[in-house]
2 protein chains.
Amino acid sequence: MVELDKCEINCIHDEAVQAVRQALFGEDVAASLAELFKALGDPTRVKILFSLMTRELCVCDLTAVIGISESAVSHQLKILRTLRLVKFRREGKVLYYSLDDDHIEKLFAQGLEHVTE
Amino acid sequence: MVELDKCEINCIHDEAVQAVRQALFGEDVAASLAELFKALGDPTRVKILFSLMTRELCVCDLTAVIGISESAVSHQLKILRTLRLVKFRREGKVLYYSLDDDHIEKLFAQGLEHVTE
DNA sequence: GCAATATATGAACATCTGTTCATTTGTACG
DNA sequence: CGTACAAATGAACAGATGTTCATATATTGC
């Protein structure tokens, strides 16, 4: 818990700090947002999500497309499921995964713009 | 290097896998995208960026707004600088930070939509 | 029920990440 | 020049993260 001890006197823009502090969303929202972005912040998951942008795929397909073990894919899918980024339907023994949400496509689009500019 | 050994026979949708594989962006793009999202995937950095959406602020202000040590803020700012998410200008001893890019606001907007729906 | 198969899950481990503490750099001003 | 102060940097450490390996579910077809 850092308090405004020495710095408040000569350096801080007090009104600004107060204003921003008020506008700043709560700890929980910041945490949720960070959690979401963190989920997108892994090459494997980026590839999984991008793959699912084309069409729904089973775990086995994803394994082949991305080139890592089925277990690794499954673990990542669990994370993406928990955050409601992907959903799945069962067809016999096979589970078909797809994007749960069209926000992801927009997020990727924005992200790509930043990266490739 | 996992090959399509046993699964290709009875489970994989071969054409789909090939197609997606072709469409899938390269290792480097995936890595860049992941790096960007990972940078956004930390509560402290989320707060920093959100704070800077309102107006430019000095490191000292950010310390007060967010309530963590100046060193911690500085370390995070370095990460954000490296990824061209924030920029700064010097005025005497004080460095004023601001957003480098309007993509961030859009990314946050999309992210918030997903989180708060 | 049992073998086969697709996927999920748990434990373990090495690596990466964020913070703290100590030190340094850069700038202003007497 | 030397002190003061904003900010940056480096080392170190605890905690989180992603993969692997081994094992467990769930479903199908015999």
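When reading the values below, keep in mind they use all heavy atoms of this one structure, side chains included, and skip hydrogens, waters and symmetry mates. In what follows, chains carry the letters A, B, and so on, assigned in the order in which the sequence lines appear, proteins first and then strands, with residues in each chain numbered from 1.
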Check this for me: E117(A), atom CD, are more than 12 non-hydrogen atoms of other residues, nucleotides or ligands nearer than 6.0 Å?
yes
Nearest whole Å is fine: how far is dA24(D) P from E70(A) CD?
16 Å
Separation of atom CG in L80(B) from atom P in dG18(C), rounded to whole Å
10 Å
Can you tell me the distance, in whole Å, between the CG atom of L77(B) and the P atom of dA6(D)?
16 Å
Would you please confirm or rule out a distance under 4.0 Å between OP1 or OP2 of dT19(C) and any side-chain N or O of Q76(B)?
yes
Return the orientation label for the H114(B) and H103(A) ring planes: parallel under 30°, perpendicular over 60°, tilted otherwise.
perpendicular
Do any N or O atoms from the side chain of R90(B) and from the backbone of G92(B) form a donor-acceptor pair under 3.5 angstrom?
yes
Between C1' of dT17(D) and CG of D42(B), the distance in whole Å:
14 Å
From dT7(C), dG18(C), dG10(D), pick the nucleotide closest to the side chain of C60(A)?
dT7(C)
Going 5' to 3' along nucleotides 20-30 of chain C, which nucleotides have protein heavy atoms under 4.0 Å from the base (write B), which only from the sugar-phosphate (write S), and which from neither (write -)?
BBB---BBS--
Would you kindly give the CG-to-P distance between L57(B) and dA7(D), to the nearest whole Å?
11 Å
In whole angstrom, give the distance that lies between atom NZ of K47(A) and atom P of dG18(D).
14 Å
Verify the contact: side-chain N or O of Y97(B) to OP1 or OP2 of dA6(D), cut-off strictly under 4.0 Å; return yes or no.
no
Mutual orientation of the aromatic rings belonging to F108(A) and F25(B) [parallel < 30°, tilted 30-60°, perpendicular > 60°]:
parallel
Length of the NZ-C1' vector between K78(A) and dT17(D), whole Å
15 Å
Mind checking whether M53(B) and L99(B) have side chains closer than 4.5 Å, heavy atoms only?
yes
Could you tabulate the donor-acceptor pairs under 3.5 Å formed by side-chain atoms of residues 71-82 of chain B, not counting sequence neighbours?
unit_1, atom_1, unit_2, atom_2, d
Q76(B), OE1, R45(B), NH1, 2.6
R81(B), NE, Y97(B), OH, 3.3
T82(B), OG1, K78(B), O, 2.8

What is the distance, rounded to the nearest whole Å, between atom CD of E56(B) and atom C1' of dA7(D)?
16 Å
Verify, without hydrogens or angle tests, whether R21(B) (side chain) and A64(A) (backbone) share a donor-acceptor contact under 3.5 angstrom.
yes
